[in-house]
Amino acid sequence: MAMGQEELVFLPLGGVGEIGMNAALYGYGPPKSRKWIMVDCGMGFAGEEAMPGIDLMFPDLTYIEERRKDLLGIFITHAHEDHIGAISELWTKLRVPVYATRFAKNLLETRRLSEPGAPKVELREVKPGKRLNVGPFELEFVPVAHSIPESNAVAIRTAAGLVVHTGDWKLDPTPVAGNVTSPEQFTALGDEGIIALICDSTNVVREGFSPSETEVAATLKTIIADAPHRVAVTTFASNVARIRAVAEAAQACGREVIAVGRAMDRVIDVARECGYLDGLPDFRRADSWKSIPRDKVVALLTGSQGEPRAAMSRVSRRDHPDISLAEGDRVIFSSRAIPGNERDVGAIINDLIEQGVEVITDRTALVHVSGHPRRDEMVEMYKWTRPQTAIPVHGEALHLDEHARFARAQGVGHVVKARNGAMVRLAPGKPEVVEHVKAGRLYKDGHVLIDDKDRAIPERRKLMQAGLVSVAIAIDDDGVVLGEPAVDIIGLPNRGRGGEALIDTVVDAVSQTLGSLSRGKLKDSEGVEKSVDRAVRQAVNEVWGKKPACHVQVVEV
């Protein structure tokens with residue numbers, strides 16, 4: 001390959017090998033002077049056990065930050081947080097235009113960019129079907145069905161050929177709100193000749209076709225109509241089709257809808273502005289709950305993933321200021337727990353059941369469908385597009401591996417199994433990984449971003465497992481210990497296996513260690529700290545079976 005030859009490359013920095021944090025780069029030009037575009041810039045949710053104290057995760061964009069003068073723009077496929085959630089946090093490192101449809105643009109402005117201290121992001125509205133020229137790229141948003149309005153694939157044209165980045169999609173001829181995935185449009189792209197299909201892998205392990213949102217709407221209508229008392233429905237706040245289905249079901253049986261939760265309110269405002277809730281009356285405020293008869297109300301609540309501060313969780317704990325449930329009321333989880341959230345969701349369900357509330361989930365009724373394609377839907381996509389190369393994305397290792405086998409079975413000539421940080425040359429020549437670049441995760445820790453090398457996270461994990469012993473010792477210039485050492489234990493049990501008080505075990509270990517050291521050694525503060533640390537950890541381990549973290553401080557007087 002000549003050094004100056006123009007190449008088209010694909011470089012995922014997030015979302016490949018994981019679900020969430022989607023961020024994909026496409027570069028065109030000679031290796032040392034490429035121009036770049038980014039498709040999506042999303043976040044992920046951290047688990048409390050794996051990442052104590054961390055709520056949000058973002059892709060590490062260091063590679064493109066170092067080349068930001070050659071980055072031409074960020075193109076948003078749709079408004080889910082795993083595709084837009086990192087923009088408010090990371091945009092200042094890039095400072096390029098962000099292109100999105102009206103719904104995604106308005107939701108970005110309302111949800112993230114209205115927060116105190118949010119950057120003034122340059123947002124540009126794009127219309128599906130119209131081609132947009134940005135540097136050496138020509139981009140076209142191609143509507144697809146998904147669980148949020150105005151979802152799109154992106155057709156990316158360069159002198160090297162056409163690439164289709166599907167984003168999140170499914171086949172649904174009756175989506176209630178939002179786009180349909182058009183066989184004609186994707187067949188036309190296939191006729192044009194697609195050198196690479198970068199395709200969603202989320203549901204590749206599931207056979208058949210996904211049910212339609214219309215089928216869910218019919219089920220919700222029956223369940224709400226049959227309810228004897230109050231009904232509460234929790235779902236993803238971004239699922240406008242589900243919000244509309246609940247509102248139509250309530251309207252059909254003479255019930256009023258109350259929307260509860262800030263995220264829900266924001267989505268509803270944007271959906272009304274964009275026309276997706278036309279024909280429906282305004283929803284009532286949460287403080288109307290107690291004034292409406294029990295058989296005449298439906299609540300739409302945030303918190304379908306067990307978020308502790310969201311409305312559904314607070315209702316289950318009986319500490320919501322406006323919404324309460326009683327025996328005989330009905331709760332519908334019109335959602336599915338994202339992997340990692342099952343325990344939190346289960347705790348809410350159990351709390352509700354203990355209160356005598358009837359709980360309906362997708363395990364017992366068709367109250368939720370995925371926004372991602374199952375295998376038979378993917379068969380159709382591959383028939384329409386007929387790509388020369390397939391690159392599975394948007395999935396964990398299992399999904400990507402299964403998608404690779406699936407693509408080969410569809411007759412695709414080249415299948416590239418990439419991961420975050422793997423640069424794939426798409427053209428010219430045989431598609432292959434040509435370079436590995438820095439890729440990783442950033443964590444939102446309070447008001448700061450830390451990287452995955454920061455010591456805070458492993459130290460917190462250790463504290464979660466075995467607690468902390470703190471020891472302060474005063475020693476004068478002659479090597480004499482002054483007074484009694486100050487000792488405290490945090491996160492340790494009160495007593496060891498023999499019934500001994502652990503605080504006494506620590507005090508004894510400190511005293512014995514100090515008593516064994518000569519005055520000369522006591523003058524060495526660092527040596528004293530190491531000796532006490534070692535002795536305390538060993539002594540506690542003998543009676544408890546765990547070695548705590550130990551912080552020893554010698555104060556020289």
Side-chain angles (χ1 to χ4, degrees), residues 15-20 22 42 44-45 77-78 80 82-83 144-148 151 153 164-176 178-181 183 186 197-220 235-236 238-239 241-242 245 304-305 332-342 345-346 360-385 387 390-412 415 417-418:
V16 184
E18 64 200 355
I19 294 178
N22 295 282
F45 296 96
T77 60
H78 65 284
H80 276 148
D82 60 330
H83 294 259
V144 295
H146 186 45
S147 52
I148 192 170
S151 296
V164 173
H165 183 109
T166 69
D168 296 1
W169 67 279
K170 66 177 291 187
L171 300 186
D172 189 345
T174 54
V176 179
N179 303 324
V180 298
T181 304
F186 282 95
L197 181 70
I198 316 297
C199 187
D200 182 355
S201 307
T202 311
N203 274 345
V204 69
V205 295
R206 303 190 69 185
E207 299 289 346
F209 286 86
S210 303
S212 170
E213 281 289 340
T214 298
E215 296 175 68
V216 174
T219 303
L220 291 172
T235 189
F236 294 101
S238 60
N239 196 327
R242 207 67 53 80
S304 66
Q305 296 305 303
I332 304 168
F333 275 77
S334 189
S335 58
R336 180 175 294 129
I338 295 171
N341 295 343
E342 296 92 346
V345 173
I360 298 172
T361 72
D362 68 333
R363 288 174 289 185
T364 56
L366 184 58
V367 293
H368 177 71
V369 290
S370 173
H372 301 272
R374 295 184 185 181
R375 290 177 76 89
D376 285 354
E377 295 163 85
M378 295 179 68
V379 168
E380 296 299 310
M381 178 61 76
Y382 275 88
K383 282 182 181 177
W384 301 332
T385 54
I391 303 180
V393 297
H394 202 291
E396 298 173 347
L398 168 67
H399 309 103
L400 303 182
D401 188 62
E402 184 60 33
H403 188 168
R405 282 195 293 271
F406 172 87
R408 293 188 186 99
Q410 307 312 305
V412 178
V415 177
K417 296 169 70 173

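Predicted, not measured: the structure shown is a model, and the values here were computed from it. Reckoned from all heavy atoms, side chains included, excluding hydrogens, waters and symmetry mates.
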State the CG-OG1 distance between Asp200 and Thr166, to the nearest 0.5 angstrom. 5.5 Å

Tell me every residue that passes side chain to side chain contact (heavy atoms under 4.5 Å, CB included) with Asp362, counting only those two or more places apart in sequence or in another chain. Arg336, Val367, His368

Min side-chain heavy-atom separation Met381-Trp169 under 4.5 Å: yes

Let me confirm one number: the OG-CZ distance from Ser370 to Arg206, rounded to the nearest 0.5 Å. 7.0 Å

Residue set satisfying side chain to side chain contact (heavy atoms under 4.5 Å, CB included) with Val379, at least two apart, ordered chain then number -> Lys383, Phe406, Gln410

Ignoring hydrogens, what is the shortest heavy-atom contact between Val415 and Pro392? Give both atom names and the distance. CG1-CD, 4.4 Å

Hits for side chain to side chain donor-acceptor pair (under 3.5 Å) against Asn179, two or more places apart or cross-chain, chain-then-number order -> none

Please lay out, stage by stage, how Phe186 and Val144 fare under the test side chain to side chain contact (heavy atoms under 4.5 Å, CB included). CA-CA 10 Å; Phe186 282 95; Val144 295; 3.6 Å; yes

Determine whether Thr181 and Glu380 satisfy the following criterion, side chain to side chain contact (heavy atoms under 4.5 Å, CB included), listing intermediate values before the conclusion. CA-CA 11 Å; Thr181 304; Glu380 296 299 310; over 6 Å; no

Within the structure provided, determine whether Pro373 and Leu171 are in side-chain contact (heavy-atom separation under 4.5 Å). no

Ring-ring centroid check His403 His394, cutoff 6.0 Å: no

Let's go through Lys417 and Leu400 carefully: what are the C-alpha distance in whole Å and the side-chain angles of both, what is the deciding distance for side chain to side chain contact (heavy atoms under 4.5 Å, CB included) to 0.1 Å, and is it a yes or a no? CA-CA 7 Å; Lys417 296 169 70 173; Leu400 303 182; over 6 Å; no

Restricting to non-hydrogen atoms, name the atom on His399 and the atom on Ser201 that form the minimum distance, rounded to 0.1 Å. CB-O, 3.5 Å

Close side-chain approach of Phe45 to Ile338, heavy-atom, < 4.5 Å: no

Using modelled atom types and a 3.5 Å cut-off, is there a donor and acceptor pairing between side-chain atoms of Ser334 and backbone atoms of Thr235? no

Is there a side-chain contact between Arg242 and Leu220 (heavy atoms, below 4.5 Å)? yes

dist Asp172:CG -> Thr214:OG1 (nearest 0.5 Å) comes out at 6.0 Å

Flag, side chain of Arg375 to backbone of Gly208, donor-acceptor distance under 3.5 Å: no

Given side chains that start at C-beta, do those of Glu213 and Asn239 come closer than 4.5 Å, heavy atoms only? yes

Any side-chain heavy atom of Trp384 within less than 4.5 Å of one from Val164? no

Starting at CD of Glu18, measure out to CD of Glu396 and round the result to the nearest 0.5 Å. 9.0 Å

The criterion is side chain to side chain contact (heavy atoms under 4.5 Å, CB included); which residues satisfy it with Ser210, sequence neighbours excluded? Lys170, Arg374, Glu377

In Å, rounded to the nearest 0.5 Å, how long is the span from CG of Asp168 to OG1 of Thr202? 6.0 Å

Taken in chain and number order and not counting sequence neighbours, the residues that satisfy side chain to side chain contact (heavy atoms under 4.5 Å, CB included) with Ala418 are Ile391, Ala422, Val424

Here the pair of heavy atoms bringing Val369 nearest to Pro211 is CG1-CB, 3.4 Å

Between Ala241 and Val176, the two heavy atoms sitting closest are O-CG1, 3.6 Å

Taken in chain and number order and not counting sequence neighbours, the residues that satisfy side chain to side chain donor-acceptor pair (under 3.5 Å) with Arg405 are Asp401, Glu402

Could you check whether His146 and Ser151, counting side-chain N and O atoms only, form a donor-acceptor pair closer than 3.5 Å? no

Quick one: closest heavy-atom pair of Val345 and Ser304, and the distance? CG2-O, 3.5 Å

Residues Cys199 and Met378: closest non-hydrogen pair is SG-CE, 4.4 Å

